[in-house]
**Student:** 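Please see the structure below; I have some questions.
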Amino acid sequence: MEGTVEMSLGPSLRDGPSTALPPVDEAQLLMLVQRVREGDLTSFDRLYHLTRTDAARILRHLVGNRTELEDLLQETYLRLLTALKGFRGESRFRTFFYRVCANVALSHLRWRRRRPEDPFAQPPESIHPGEDPERAVARRQAAKLVELALERLKPKKRIVFVYYELCGMSPEEIAQAVGSSPNTVRSRLHHARLEFNEAMRRLLETRAGGPHGSP
């Protein structure tokens with residue numbers, strides 16, 4: 001089953017630059033956090049610039065490639081600024097940071113399920129300079145399939161799945177990030193994999209025409 005997930009994720013979530021935090025030393029991040037806790041907002045600006053790209057990519061996979069992304073980023077860093085007051089360094093900064101992202105995403109996903117979907121609430125497709133047109137089309141199609149499959153997952157399963165597959169986090173680290181137990185994380189991940197693979201199978205079958213579709 002894990003091989004199926006890897007194959008499904010291959011052309012979309014795992015291609016391109018690493019989606020983990022930029023290669024910044026943990027000690028440097030903790031130093032910035034300490035300065036922020038002491039009231040140095042310039043250090044928070046530095047922390048923002050070091051982590052923003054990662055936060056944007058994670059939130060995009062957690063909530064979908066939508067126009068709300070900038071608002072969600074703003075909310076994430078507003079929450080982070082408040083949350084840093086209670087950060088004592090018991091966990092890695094990445095774990096703490098991803099917990100803030102997860103809370104923002106979870107609130108948004110729950111809110112979105114209670115409102116009608118806007119079919120036009122999608123930003124323009126990104127274009128990679130110098131990319132082969134055929135590869136660009138394939139990349140966009142694969143990314144869209146993954147996004148649609150992720151939409152089938154309930155919010156808590158989606159967060160666990162993305163953090164494990166996209167961020168390379170262990171069940172123990174994810175448990176800290178989402179405020180759950182490792183066993184609960186493993187259970188959610190198991191069911192999320194099954195549901196994701198089934199969703200991808202159905203989507204690929206539909207795209208190929210399926211037993212009742214057009215070839």
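These figures come from a predicted structure and were not determined experimentally.
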**Student:** Hydrophobic clusters here meaning ILVMFWY residues chained together by side-chain heavy-atom distances under 4.5 Å, can you tell me if Leu41 and Leu78 are in one?
**Tutor:**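 Leu41 and Leu78: separate clusters.
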
**Student:** Checking Ser187 side chain against Asn183 main chain: does a donor-acceptor pair fall under 3.5 Å?
**Tutor:**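 Checking the backbone N and O of Asn183 against the side chain of Ser187, no donor-acceptor pair under 3.5 Å is found.
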
**Student:** Taking atom types as modelled and ignoring hydrogens, do the side chains of Tyr98 and Asp54 form a donor-acceptor contact shorter than 3.5 angstrom?
**Tutor:** yes

**Student:** Within this structure, what is the CD-CE distance for the pair Gln176 and Met169, rounded to the nearest 0.5 Å?
**Tutor:**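 If I round to the nearest 0.5 Å, the distance is 8.5 Å.
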
**Student:** Are Arg193 and Glu165 within salt-bridge range, i.e. N to O under 4.0 Å?
**Tutor:**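 Glu165 and Arg193: salt-bridged.
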
**Student:** What orientation do Tyr48 and Tyr77 show, parallel under 30°, tilted 30 to 60°, or perpendicular over 60°?
**Tutor:**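 Perpendicular: the ring planes of Tyr48 and Tyr77 meet at over 60°.
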
**Student:** List in chain and number order the residues that pass side-chain hydrogen bond (donor to acceptor under 3.5 Å, both in side chains) with Ser181, two or more places apart in sequence or in another chain; answer none if no residue qualifies.
**Tutor:** Thr184

**Student:** Taking only residues two or more places apart in sequence, or in another chain, which ones meet Glu173 in a side-chain hydrogen bond (donor to acceptor under 3.5 Å, both in side chains)?
**Tutor:**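 Checked Glu173 against side-chain hydrogen bond (donor to acceptor under 3.5 Å, both in side chains); matches are Arg94, Thr95.
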
**Student:** Is there a side-chain contact between Tyr163 and Val185 in this structure, where contact means two heavy atoms from C-beta onward sitting under 4.5 Å apart?
**Tutor:** no

**Student:** Calculate, to the nearest 0.5 Å, the distance between atoms CZ and CG belonging to Phe44 and Leu81 respectively.
**Tutor:**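 Nearest 0.5 Å value for the CZ-CG distance: 4.5 Å.
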
**Student:** Per the salt bridge (charged side-chain N to carboxylate O under 4.0 Å, His left out) rule, what does the pair list look like for residues 34-52, sequence neighbours excluded?
**Tutor:**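 Checked against salt bridge (charged side-chain N to carboxylate O under 4.0 Å, His left out) - neighbours excluded - the pairs reaching residues 34-52 are Arg52-Glu70.
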
**Student:** Supply the atom-to-atom distance Leu150 CG to Leu62 CG, rounded to the nearest 0.5 angstrom.
**Tutor:** 9.0 Å

**Student:** For Ala105 and Leu59, which heavy atoms make the closest approach, and how far apart are they?
**Tutor:** CB-CD2, 4.4 Å

**Student:** Could you state whether Leu84 and Leu30 fall into the same hydrophobic cluster, counting links through intermediate Ile, Leu, Val, Met, Phe, Trp or Tyr residues with side-chain heavy atoms under 4.5 angstrom apart?
**Tutor:**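 They do share one cluster, since a chain of ILVMFWY contacts under 4.5 Å joins Leu84 to Leu30.
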
**Student:** Indicate the atoms forming the closest heavy-atom contact of Ala56 with Leu69, along with that distance.
**Tutor:**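 Ala56 and Leu69 have their closest heavy atoms at O-CD1, 3.8 Å.
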
**Student:** I need the Leu72 CG to Ser107 OG distance, nearest 0.5 Å.
**Tutor:** 10.0 Å

**Student:** Under the rule for side-chain hydrogen bond (donor to acceptor under 3.5 Å, both in side chains), what residues qualify as partners of Lys156, not counting sequence neighbours?
**Tutor:**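 side-chain hydrogen bond (donor to acceptor under 3.5 Å, both in side chains) check on Lys156 returns nothing, list empty.
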
**Student:** Evaluate whether atom CZ of Arg201 has more than 12 neighbouring non-hydrogen atoms of other residues, nucleotides or ligands under 6.0 angstrom away.
**Tutor:**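 Counting neighbours around CZ of Arg201, more than 12 heavy atoms of other residues, nucleotides or ligands fall under 6.0 Å, so yes.
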
**Student:** Restricting to pairs with a member in residues 74-83, which pass salt bridge (charged side-chain N to carboxylate O under 4.0 Å, His left out), not counting sequence neighbours?
**Tutor:**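 Residue pairs passing salt bridge (charged side-chain N to carboxylate O under 4.0 Å, His left out), neighbours aside: Glu75-Arg79.
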
**Student:** Quick one: list whatever passes side chain to side chain contact (heavy atoms under 4.5 Å, CB included) with His190, sequence neighbours left out.
**Tutor:**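 In terms of side chain to side chain contact (heavy atoms under 4.5 Å, CB included), with neighbours along the sequence ignored, His190 is linked to Leu194.
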
**Student:** Scan Lys154, Lys157, Arg152 and name whichever one has a salt bridge (charged side-chain N to carboxylate O under 4.0 Å, His left out) with Glu195.
**Tutor:** Lys157

**Student:** With Phe96, which residues qualify under ring pair (Phe, Tyr, Trp, His ring centres under 6.0 Å), at least two apart?
**Tutor:**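 By the ring pair (Phe, Tyr, Trp, His ring centres under 6.0 Å) rule, Phe96 matches Phe87.
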
**Student:** Does the pair Arg158/Glu151 count as a salt bridge with the N-to-O cut at 4.0 Å?
**Tutor:**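 Salt bridge between Arg158 and Glu151, a charged N being under 4.0 Å from a carboxylate O: yes.
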
**Student:** Could you list the residues that satisfy side chain to side chain contact (heavy atoms under 4.5 Å, CB included) with Ala149, not counting sequence neighbours?
**Tutor:**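 Scan of Ala149 (side chain to side chain contact (heavy atoms under 4.5 Å, CB included), adjacent residues dropped) gives Phe196, Ala199, Met200, Leu203.
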
**Student:** Show me the pairs that pass salt bridge (charged side-chain N to carboxylate O under 4.0 Å, His left out) and involve residues 176-190, at least two apart or across chains.
**Tutor:** Glu172-Arg186

**Student:** So which atom in Cys101 and which in Thr76 form the shortest heavy-atom distance, rounded to 0.1 Å?
**Tutor:**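 Of all heavy-atom pairs spanning Cys101 and Thr76, the closest is SG-CG2, 4.0 Å.
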
**Student:** Same hydrophobic cluster for Met31 and Phe93, using side-chain heavy-atom links shorter than 4.5 Å among ILVMFWY?
**Tutor:**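 Cluster IDs for Met31 and Phe93 differ.
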
**Student:** Looking only at heavy atoms, what is the nearest atom pair of Arg88 and Lys85, with distance?
**Tutor:** NH1-O, 2.9 Å

**Student:** Out of curiosity, Ile159 CD1 to Leu106 CG, how far, rounded to the nearest 0.5 Å?
**Tutor:** 4.5 Å

**Student:** For a 4.5 angstrom cut-off between non-hydrogen side-chain atoms, does Asp71 reach His108?
**Tutor:** no

**Student:** Are Val104 and Leu73 close enough that some pair of their side-chain heavy atoms sits under 4.5 Å apart?
**Tutor:** no

**Student:** Between atom CG of Leu32 and atom OG1 of Thr51, what is the distance when rounded to the nearest 0.5 Å?
**Tutor:**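 Answer for the CG-OG1 pair, Leu32 versus Thr51, is 9.5 Å.
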
**Student:** Could you report the tightest heavy-atom contact between Ala102 and Val178, atom names first, then the distance?
**Tutor:** CB-CG1, 4.4 Å

**Student:** Taking the side chain as every heavy atom from C-beta outward, state whether Phe97 and Leu29 have any pair of such atoms under 4.5 Å apart.
**Tutor:**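 Result no, sub-4.5 Å side-chain heavy-atom pair not found.
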
